[in-house]
A.B. asks: 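Input: one structure, supplied below.
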Amino acid sequence: MPELPEVETIRRVLERKLAGHRILNLTISHEKPLRPQSALALQAHARGQRIIAVERRAKYLLLRLEEGSLLVHLGMTGQLFAMVSGKPAPADMPGLPDKHTHVTLTLDRGQLLYFRDIRRFGHFRWITDQEATRLSEGLGPEPLSPQFTPGTLLKSLTRRQTSIKALLLNQRIVAGVGNIYADEALFRARIAPQILGRVLTLEQCTRLHAAIREVLKEAIHYRGTTLSDYYDPESRRGGFQDRLKVYGREGEPCVTCQTPVRKGIVAQRGTHWCPKCQPWKKSRRK
DNA sequence: CTCGGCCTGCTC
DNA sequence: GAGCAGGCCGAG
């Protein structure tokens with residue numbers, strides 16, 4: 001579900017609400033636990049610790065503690081909800097905790113944090129600083145950082161024998177882009193998703209680099225995209241779904257040329273593009 | 001590199 | 001009942 005703009009939106013809310021709070025207790029539902037770590041280990045490492053800061057790397061959230069970090073990945077349907085006990089919850093917040101709530105953090109001053117994940121593709125575990133560093137080193141550059149340039153993009157695409165769509169979804173090429181923003185960035189850069197990454201010119205890489213950054217920045221500005229499951233920790237919906245140009249718009253007119261937007265499968269994922277603005281000749285691979 | 005699997009819930 | 005969904009990992 002959540003890609004970089006959604007995770008960044010969550011990060012900003014959590015930073016404001018949780019930084020400086022101490023974790024009094026942490027409970028884990030034992031019904032169908034999340035895989036990675038035992039409840040006991042998680043509790044032992046997190047209990048009593050103060051949250052120093054909330055960071056994001058790609059689609060991962062890191063609650064930095066005095067010792068190590070709580071690492072959260074939201075998978076497809078993960079959600080974090082923050083509330084204060086006794087205060088009324090927002091109207092559309094699910095009653096918490098419910099059967100999909102896997103972790104409950106009780107913090108000082110009545111602050112609560114719930115991790116909920118219907119499909120349970122997400123992760124919630126404690127890691128050391130060393131593990132956090134290793135995780136980060138295994139990922140490509142942050143698209144909004146100066147480390148990400150048209151040149152590094154071009155270089156990372158050479159010698160790769162797959163579509164540009166697949167490469168944008170590969171977190172080692174650029175970290176944090178998912179299915180929605182890959183389609184949106186390719187549309188803005190006027191590049192067909194099926195094209196082999198290694199045939200892109202420097203000019204195309206320059207356009208794609210700019211498109212990725214612009215679409216992510218705009219989406220952060222609108223607090224992400226809510227298609228169905230995404231809500232921020234205050235149960236607010238995103239606003240970017242009304243500004244998508246191709247994703248979810250199959251058959252609707254292209255915003256630029258009115259040609260119906262097409263949908264197909266590229267890199268095993270539903271993919272949306274304008275056949276006229278993003279021309280692609282189906283050629284025999286060489 | 002591609003594919004299937006991990007899960008639940010929703011739409012057709 | 002089948003197919004699909006914002007992600008990621010590991011088998012082949």
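Keep in mind that this is a model prediction, so the values were computed, not measured. Chain letters run A, B, ... following the sequence lines, proteins first, then strands; residues in each count from 1.
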A.B. asks: Which whole-number value in Å describes the distance from A/Phe121 CZ to B/dT8 P?
C.D. replies: 9 Å
A.B. asks: Would you please indicate yes or no on a ring centroid separation below 6.0 angstrom for A/His102 and A/Phe124?
C.D. replies: no
A.B. asks: Under 4.0 Å, heavy atoms only, any strand: does A/Glu3 hit a base, just the sugar-phosphate, or nothing?
C.D. replies: sugar-phosphate
A.B. asks: Strictly below 4.0 Å: does A/Arg269 bring a side-chain N or O up to OP1 or OP2 of C/dA5?
C.D. replies: no
A.B. asks: Taking 4.0 Å as the cut-off, does a side-chain nitrogen or oxygen of A/Gln171 come that near to OP1 or OP2 on C/dG7?
C.D. replies: no
A.B. asks: Of all the choices, C/dC9, B/dC1, C/dA5, which nucleotide is nearest to the side chain of A/Met76 once you look at every atom?
C.D. replies: C/dA5
A.B. asks: If we take the P atom in both B/dG5 and C/dA2, what is their distance in whole Å?
C.D. replies: 15 Å
A.B. asks: Touch check for A/Thr77, heavy atoms < 4.0 angstrom, all strands: base, sugar-phosphate only, or nothing?
C.D. replies: nothing
A.B. asks: Within the structure shown, what part of the strands sits under 4.0 Å from A/Glu6 by heavy-atom distance: base, sugar-phosphate, or nothing?
C.D. replies: nothing
A.B. asks: A/Ser228 has a side chain; which of C/dG6, B/dT2, B/dC7 sits nearest to it?
C.D. replies: C/dG6
A.B. asks: Return the nearest nucleotide to the side chain of A/Lys263; candidates are C/dA5, C/dG7, C/dG6.
C.D. replies: C/dA5
A.B. asks: Can you check the A/Arg116 CZ to B/dC7 C1' distance for me, whole Å?
C.D. replies: 14 Å
A.B. asks: Given that both pair distances must be under 3.5 Å and the pair must be Watson-Crick or G-U, what runs of three or more consecutive pairs involve DNA chain B?
C.D. replies: B:1-6 with C:7-12, B:8-12 with C:1-5
A.B. asks: Distance check, P atoms only: C/dC8 and B/dC10, in whole angstrom units.
C.D. replies: 23 Å
A.B. asks: For the pair made of CD1 in A/Ile10 and C1' in C/dG7, what is the distance, rounded to whole Å?
C.D. replies: 14 Å
A.B. asks: Verify, without hydrogens or angle tests, whether A/Gln49 (side chain) and A/Arg22 (backbone) share a donor-acceptor contact under 3.5 angstrom.
C.D. replies: no
A.B. asks: Between N or O atoms, less than 3.5 Å apart, protein on one side and nucleotides 9-12 of chain B on the other: list the pairs.
C.D. replies:
from  : atom 1 : to       : atom 2 : distance (Å)
B/dG9 : OP1    : A/Lys99  : NZ     : 3.2
B/dG9 : OP1    : A/His100 : NE2    : 3.0

A.B. asks: Just to verify, what does A/Ser235 make a side chain to side chain donor-acceptor pair (under 3.5 Å) with, not counting sequence neighbours?
C.D. replies: A/Asp92
A.B. asks: Return the value, rounded to whole Å, for the distance between atom CG of A/Leu61 and atom P of C/dG7.
C.D. replies: 15 Å
A.B. asks: What interatomic distance, in whole Å, is found between C1' of B/dT8 and the corresponding atom of C/dG10?
C.D. replies: 22 Å
A.B. asks: Validate the cation-pi geometry between A/Arg236 and A/Tyr231: distance from NZ or CZ to the six-membered ring centre under 6.0 Å, angle to the ring axis within 45°.
C.D. replies: no
A.B. asks: Of the candidate nucleotides C/dC9, B/dT8, C/dG7, which contains the atom at the shortest distance from the side chain of A/Arg120?
C.D. replies: B/dT8
A.B. asks: Whole angstroms only, please: what is the CZ-C1' distance between A/Arg172 and C/dC8?
C.D. replies: 13 Å
A.B. asks: Taking 4.0 Å as the cut-off, does a side-chain nitrogen or oxygen of A/Gln268 come that near to OP1 or OP2 on B/dC3?
C.D. replies: yes
A.B. asks: Once you apply a heavy-atom cut-off of 4.0 Å, does A/Thr226 come out as touching a base, just sugar-phosphate, or nothing?
C.D. replies: base
A.B. asks: What's the CG-P distance between A/Leu169 and C/dA5, to the nearest Å?
C.D. replies: 13 Å
A.B. asks: Do any N or O atoms from the side chain of A/Gln241 and from the backbone of A/Thr226 form a donor-acceptor pair under 3.5 angstrom?
C.D. replies: yes
A.B. asks: To the side chain of A/Leu227, which of C/dG6, C/dC4, C/dC8 is closest?
C.D. replies: C/dG6
A.B. asks: Measure CG/A/Asp117 against C1'/C/dG6 and give the value in whole Å, please.
C.D. replies: 12 Å
A.B. asks: Regarding A/Tyr181, tell me which of base, sugar-phosphate or nothing describes its non-hydrogen contacts under 4.0 Å with the strands shown.
C.D. replies: nothing
A.B. asks: Between A/Arg262 and A/Glu250, does at least one N-O distance fall below 4.0 Å, as a salt bridge requires?
C.D. replies: no
A.B. asks: Less than 3.5 Å between a donor and an acceptor, one on the side chain of A/Arg119 and one on the base of B/dC7, is that the case here?
C.D. replies: yes
A.B. asks: Would you please say whether a donor-acceptor pair under 3.5 Å links the side chains of A/Thr77 and A/Tyr230?
C.D. replies: no
A.B. asks: Any salt bridge linking A/Arg134 with A/Glu131? Criterion: basic side-chain nitrogen under 4.0 Å from a carboxylate oxygen.
C.D. replies: no
A.B. asks: Quickly work out the A/Arg57 CZ to C/dC8 C1' distance and round it to whole Å.
C.D. replies: 16 Å
A.B. asks: Could you tell me whether the side chain of A/Gln79 and the main chain of A/Pro233 form a donor-acceptor pair under 3.5 Å?
C.D. replies: no
A.B. asks: So does A/Glu8 pair up with A/Lys217, basic N to acidic O under 4.0 Å?
C.D. replies: no
A.B. asks: Using only atom types and a distance under 3.5 Å, with no angle test, would you say the side chain of A/Ser69 pairs donor to acceptor with the backbone of A/Leu65?
C.D. replies: no
